[in-house]
Amino acid sequence: MCQINTDPMKSQVGFLEVVVPPDILDYQTSTDMVVREGTNVTLRCAATGSPRPSIVWRREDGEQIPMVGNTEVSSIEGSVFNITRVNRLHMGAYLCIASNGVPPTVSKRIMLIVHFPPMIWIQNQLVGAYEGQEMTLECHSEAYPKSINYWTTDKGEIIAQGDKYEPILQDNAYKVYMKLTIRSVGPSDFGSYKCVSKNSLGDTDGSIKLYQKKLKGAKKERNHSHETNEIMDDSETEVMRERDLKLRGRPNDRSSYRPGDGSDNGSAGRFLDHVIIIMAPSILLINWRLSWLRSMPWPHQVPP
């Protein structure tokens, strides 16, 4: 208060407000946590300052935070952050951010690590290949702590890097993409292969069966396609022949009809085909005349 000693006295009152930037209290704030998947987790963040700071939780990588009911949010407000039934999607670094309008804003990084046993996904469990083909088998695994991953044969032998096989591992956080490339597949390469994943919490494996594709079926298909093209090219000849076969009640078997094959049976068959085709109109005319004569009214003989 500023005062002047006059009569009457005069004074002026002023207020001083001291602001304090936020500060996070380490002893009341959670530290890095390691939890099992499926448990409940509580993260706490305490801060001082004047005015009283507000606290917001965000993921360090900027991703959404999974919540109950398959919902996601970008941030959580409040000094306490509860996660019900934590899972691997919650794993990562979280920032506890305290602000009260007085710079600077402060934050603390809290790492949440979720442990879970290995799990394996296989997209194609049955894969076919031709002999001599290069084939790649694929397998996806998830585990934390990080797992040991490798391929084995159906006899349990571990497949190592070499001229024949090339196992490749690509890991990203708790995810591992496993590939096994088999160069020039041979008869001994067909069978079952296993991708194995192990960590301190357990182990699991997935099986992929590699079977041999037959080239014979492909050739038959190509031959069938070729025959179809031949039939389309000789459409006029085929129409006449199919009509003749229907008249005689013979099956439509192309194996017995090879134009220009030079065989005796083929020549005799073609000669008989031409004779029947030429005589067909005459035969039909004779049948028509016989039918007409049968339908005529003939005089009955009168007994004496």
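None of the values given here were measured: they were computed from a predicted structure.
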V35 vs L112, side chain to side chain contact (heavy atoms under 4.5 Å, CB included): CA-CA, chis, key distance, verdict: CA-CA 8 Å; V35 297; L112 177 62; 4.1 Å; yes

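- By the criterion of side-chain heavy atoms lying less than 4.5 angstrom apart, applied directly or through intervening Ile, Leu, Val, Met, Phe, Trp or Tyr residues, I113 is not grouped with M119; the two fall into different hydrophobic clusters.
- Salt bridge absent: D32 and R109 never bring a charged side-chain N and a carboxylate O closer than 4.0 Å.
- You'll find the side chain of S50 stays beyond 4.5 Å of the side chain of V18, heavy atoms only.
- By the 4.5 Å heavy-atom criterion applied to side chains, Y177 and I168 are not counted as neighbours.
- Atom CD of Q161 has more than 12 neighbouring heavy atoms from other residues, nucleotides or ligands inside a 6.0 Å radius.
- The aromatic rings of Y144 and H115 sit tilted, their planes meeting at an angle between 30° and 60°.
- Taken to the nearest 0.5 Å, the CD1 atom of I97 stands 8.5 Å off from the OG atom of S75.
- Under a 3.5 Å cut-off, the side chain of N100 and the backbone N or O of R52 do not form any donor-acceptor pair.
- Side chains of Y165 and W151 form no contact here, defined as non-hydrogen atoms less than 4.5 Å apart.
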Side chain to side chain contact (heavy atoms under 4.5 Å, CB included) assessment of S54 paired with S99: CA-CA 6 Å; S54 60; S99 62; 3.8 Å; yes

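- Counting only heavy atoms from C-beta outward, the side chains of C195 and I122 approach each other to under 4.5 Å.
- At least one side-chain heavy atom of E131 sits under 4.5 Å from a side-chain heavy atom of Q212.
- Between K194 and D154 there is no salt bridge, since no side-chain N of the basic residue sits under 4.0 Å from a carboxylate O of the acidic one.
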Derivation of the side chain to side chain contact (heavy atoms under 4.5 Å, CB included) call for V185 and F190: CA-CA 8 Å; V185 175; F190 296 107; 3.7 Å; yes

Stepwise side chain to side chain contact (heavy atoms under 4.5 Å, CB included) check, Q12 with M1: CA-CA 6 Å; Q12 179 70 39; M1 182 179 64; over 6 Å; no

